[in-house]
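All remarks here apply to the structure that follows.
A, B, ... follow the sequence lines: proteins, then strands. Residue 1 opens every chain.
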There are 2 protein chains.
Amino acid sequence: MSNKVTLSTIADSLGVSTATVSLALRDSPLVADATRARIKEAAARSGYIYNRRAASLRTSRSGIIGVLVPDIMNPFFAEILLGIEEELGLSRQTFFLCNHRDDISVQKNFLETLLQFGADGVIVSPAIGTTAADIKAIEDTGLPVVMVARWVQGSRAPVYRGDDKKGAYMVTRHLIELGHRKLAFIGGRRETSTGNDRREGFLAALEQAGIEYDPALQIGTERTRKAGYESVRKLFGEKPDCATAIVCFNDLLAIGAMSGLRSLGLEPGRDVAVTGYDDIAEAEISAPTLTSVWNGQQRAGQLAARAMVSILSGDRDIGEVRLIEPELRARQSSGGKIG
Amino acid sequence: MSNKVTLSTIADSLGVSTATVSLALRDSPLVADATRARIKEAAARSGYIYNRRAASLRTSRSGIIGVLVPDIMNPFFAEILLGIEEELGLSRQTFFLCNHRDDISVQKNFLETLLQFGADGVIVSPAIGTTAADIKAIEDTGLPVVMVARWVQGSRAPVYRGDDKKGAYMVTRHLIELGHRKLAFIGGRRETSTGNDRREGFLAALEQAGIEYDPALQIGTERTRKAGYESVRKLFGEKPDCATAIVCFNDLLAIGAMSGLRSLGLEPGRDVAVTGYDDIAEAEISAPTLTSVWNGQQRAGQLAARAMVSILSGDRDIGEVRLIEPELRARQSSGGKIG
DNA sequence: GGGGAAATTTAAATCGATTTGATTCTTCCG
DNA sequence: CGGAAGAATCAAATCGATTTAAATTTCCCC
């Protein structure tokens with residue numbers, strides 16, 4: 001209750017020095033057990049609040065880790081966050097979250113703020129337009145950087161992510177094996193590494209099957225349910241038979257796409273096959289259930305966080321499992337397993 | 001690039017005192033224009049990074065606002081965050097986000113951390129189980145508290161939220177006017193103020209219409225898509241005609257519920273009416289489109305943030321529009337407007 | 001009981017920005 | 001030219017915890 005309890009308040013009340021109090025509270029073996037007990041008791045009783053800014057000013061360690069993601073509303077990134085949260089919680093690190101919305105100036109501002117607060121490290125899924133030089137600039141200030149989900153051409157910072165190209169290849173191949181020859185691809189914007197990689201996987205599968213690709217069937221858009229809905233209405237609104245299958249960049253688009261198909265009187269999984277990517281929780285309970293690719297985003301978040309913790313504790317070896325093996329999850333929407 | 005640039009680095013290089021540098025960088029009218037220009041130029045050139053912990057140690061103002069929400073994956077809270085973010089961005093405040101997952105110990109830990117960092121204020125949507133005494137305890141440390149979306153019985157901290165009772169009444173009434181007499185209610189857990197309020201609104205509408213309520217038709221569960229899906233399968237799996245309409249606590253449940261109905265061969269909006277709550281972006285593009293209640297969550301976030309900013313800048317009058325008027329958004333899923 | 005090793009405790013410097021009261025420098029007018 | 005008012009700058013204290021070298025106490029054994 002009393003207005004400001006500091007180390008010296010406690011020290012004075014007990015007739016010891018602040019040095020002793022500081023050491024005692026941090027369980028230093030230097031102080032006698034009896035003294036430690038007295039001090040801890042006094043601290044608790046007086047409602048002492050540890051002042052991190054003072055401590056961190058002195059030690060230049062803040063216990064803060066910055067986490068930047070493009071879109072927390074997107075379950076893909078929300079699941080990454082879950083993984084990060086879980087792992088950082090274990091080592092009692094606090095994190096500052098930034099939702100940069102792929103706006104590079106938001107990202108930049110936040111990084112600046114992190115520096116001002118003396119953050120210990122950054123875990124980032126970089127915004128569209130981030131360059132290797134940008135990443136380098138952060139590292140040059142002494143802030144270790146770990147990337148997650150997205151990577152940046154030319155940067156040597158560690159990245160934890162699913163193998164997007166391989167996963168996209170797998171799901172496309174799945175559709176081709178079911179007999180589809182006219183495949184649309186939605187949401188593969190080239191500006192992000194994931195967009196590029198998944199697109200490449202898609203094209204690789206087509207090429208391998210000798211299918212020529214029709215660029216008109218590729219709509220690069222936002223990656224929201226709404227975008228999926230609208231893209232499908234645009235594509236199929238005019239020509240309902242333009243394609244028999246839709247490969248979506250992610251599950252959100254796929255869910256929107258299915259809704260879009262229905263609004264046109266087409267039944268997803270029967271009239272048109274639809275696949276997603278990421279295998280978010282919703283994929284299992286959509287109607288029809290959604291064929292997707294498990295991408296291990298939660299695991300990627302975990303690994304990235306663990307790597308950061310290792311780096312901060314001085315390890316140089318931060319584990320080399322950085323590319324997560326994707327898994328196809330065939331469900332009703334691709335028509336592969338209707339019923 | 002040089003390793004640590006501080007105020008005195010700059011001061012030395014220019015042959016002035018740190019006092020002058022500090023004042024100049026903060027645009028104090030005390031320093032001469034020419035001097036200010038020289039100093040700013042030197043700061044920029046040397047890559048000076050403002051050290052907030054040092055500043056905040058001295059001033060005891062940190063520029064940090066803590067924001068706590070139950071679940072960032074839930075679009076309802078994500079939209080609140082959007083509002084908060086937008087508003088705080090305007091006044092260049094940083095915020096620490098905590099996703100407490102309705103775990104009261106997570107909430108407690110985070111509040112402790114905020115105190116240690118010397119946060120200036122807290123905007124919170126309290127976890128289940130939070131008491132007025134808990135809120136009081138925070139306020140007693142000198143941290144101003146503003147609540148959003150949820151309120152706590154007995155607490156006098158300002159709350160910005162939609163009028164849940166009224167909204168639930170409106171949507172239930174809408175169904176009754178369409179002729180429904182057997183209404184189920186999903187997700188109205190009593191532990192949160194929103195759950196309670198919406199449930200009361202629902203019951204009020206029934207009572208007013210002279211409909212007796214069947215407790216078996218009320219399933220209180222999680223508030224996820226998955227829970228909606230499963231609840232419906234439980235209710236309608238055994239007795240497909242147990243109800244003709246489902247009032248869901250929120251849109252997520254409603255979307256899951258529609259999916260659940262479909263999986264049982266029932267068509268939402270035709271065989272069974274479904275309504276949601278919150279009017280999240282997805283409501284408009286689900287198939288069928290979802291009847292919901294606009295709850296103004298983004299606006300609530302904005303207002304809460306604005307109130308916090310006012311409080312911090314010393315205003316005592318923080319505006320009294322704290323209860324947002326809900327609006328019914330009738331769409332296809334309630335069968336009120338099929339086609 | 002003396003001496004030295006081991007165990008405790010402490011004084012004081014430090015981290016970097018802010019702020020106040022004092023000092024120095026300008027201006028300008030009588 | 002003297003000096004008062006105003007402008008610009010500065011020295012030094014301060015915020016609160018950490019840390020190191022030094023001081024003090026305790027302990028043990030001969």
Give a yes or no answer on whether the side chain of [X] reaches the backbone of [Y] with a donor-acceptor pair at less than 3.5 Å.
| X | Y | result |
| --- | --- | --- |
| A/Ser91 | A/Gln93 | no |
| B/Arg150 | B/Pro126 | yes |
| B/Ser313 | B/Val309 | yes |
| A/Ser13 | A/Ile10 | yes |

Would you give me the side-chain donor-acceptor pairs under 3.5 Å for residues 63-76 of chain A, sequence neighbours excluded?
residue : atom : partner : partner atom : Å
A/Asp71 : OD1  : A/Met73 : N            : 2.9
A/Asn74 : OD1  : A/Phe76 : N            : 2.8

Return the value, rounded to whole Å, for the distance between atom [atom1] of [X] and atom [atom2] of [N].
| X | N | atom1 | atom2 | value |
| --- | --- | --- | --- | --- |
| B/Phe117 | D/dA17 | CZ | P | 14 Å |
| A/Tyr50 | D/dA17 | OH | P | 8 Å |
| B/Asp33 | D/dT9 | CG | C1' | 15 Å |
| A/Leu57 | C/dA17 | CG | P | 9 Å |
| A/Arg52 | D/dT18 | CZ | P | 11 Å |
| B/Arg53 | C/dT18 | CZ | P | 14 Å |
| B/Ile49 | C/dG16 | CD1 | C1' | 13 Å |
| B/Arg36 | D/dA8 | CZ | P | 9 Å |

I'd like to check B/Leu25 versus B/Tyr48 (side-chain heavy atoms, cut-off strictly below 4.5 Å). Are they in contact?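 In contact.
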Describe the nucleic acid contact of [X] in one word from base, sugar-phosphate, nothing, applying a heavy-atom distance below 4.0 Å.
| X | value |
| --- | --- |
| B/Ala19 | base |
| A/Ser60 | nothing |
| B/Thr35 | sugar-phosphate |
| A/Val16 | sugar-phosphate |
| B/Gly118 | nothing |

Heavy-atom closest pair, residues A/Phe77 and A/Ser125: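 That closest heavy-atom pairing would be CE2-OG, 3.5 Å.
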Any luck finding a side-chain donor-acceptor pair between B/Asp134 and B/Thr131 under 3.5 Å?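 Judged by distance alone, the side chains do pair up.
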Do the side-chain N and O atoms of A/Arg306 and A/Ser310 include a donor-acceptor pair separated by under 3.5 angstrom?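 Judged by distance alone, the side chains do not pair up.
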Residues in contact with DNA chain D, drawn from residues 22-31 of chain A - heavy-atom cutoff 4.0 Å: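 Residues of residues 22-31 of chain A under 4.0 Å from DNA chain D: A/Ser22, A/Arg26.
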Proximal nucleotide (of [options]) relative to the [X] side chain:
| X | options | answer |
| --- | --- | --- |
| B/Tyr48 | C/dA17, D/dC15, C/dT9 | C/dA17 |
| A/Thr59 | C/dA17, D/dT18, C/dT18 | D/dT18 |
| B/Leu7 | D/dG16, C/dG16, C/dT18 | C/dT18 |

Residue mapping more 5' on DNA chain C - nearest nucleotide basis, B/Thr6 or A/Thr18: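 Result: A/Thr18.
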Going 5' to 3' through nucleotides 21-27 of chain D, assign each nucleotide B (protein heavy atom under 4.0 Å from a base atom), S (under 4.0 Å only from sugar-phosphate atoms) or - (no protein heavy atom that close). -------
Starting at the 5' end of DNA chain D, which residue's closest nucleotide do you reach first, B/Ala54 or B/Thr20?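 Here B/Thr20 is the residue nearer the 5' end.
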Short side-chain N/O contact to D/dC10 OP1/OP2 from B/Ser17, under 4.0 Å: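 Yes, within the criterion.
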Does a salt bridge link B/Asp102 with B/Arg223, judged by any charged N lying under 4.0 Å from a carboxylate O?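 B/Arg223 and B/Asp102: not salt-bridged.
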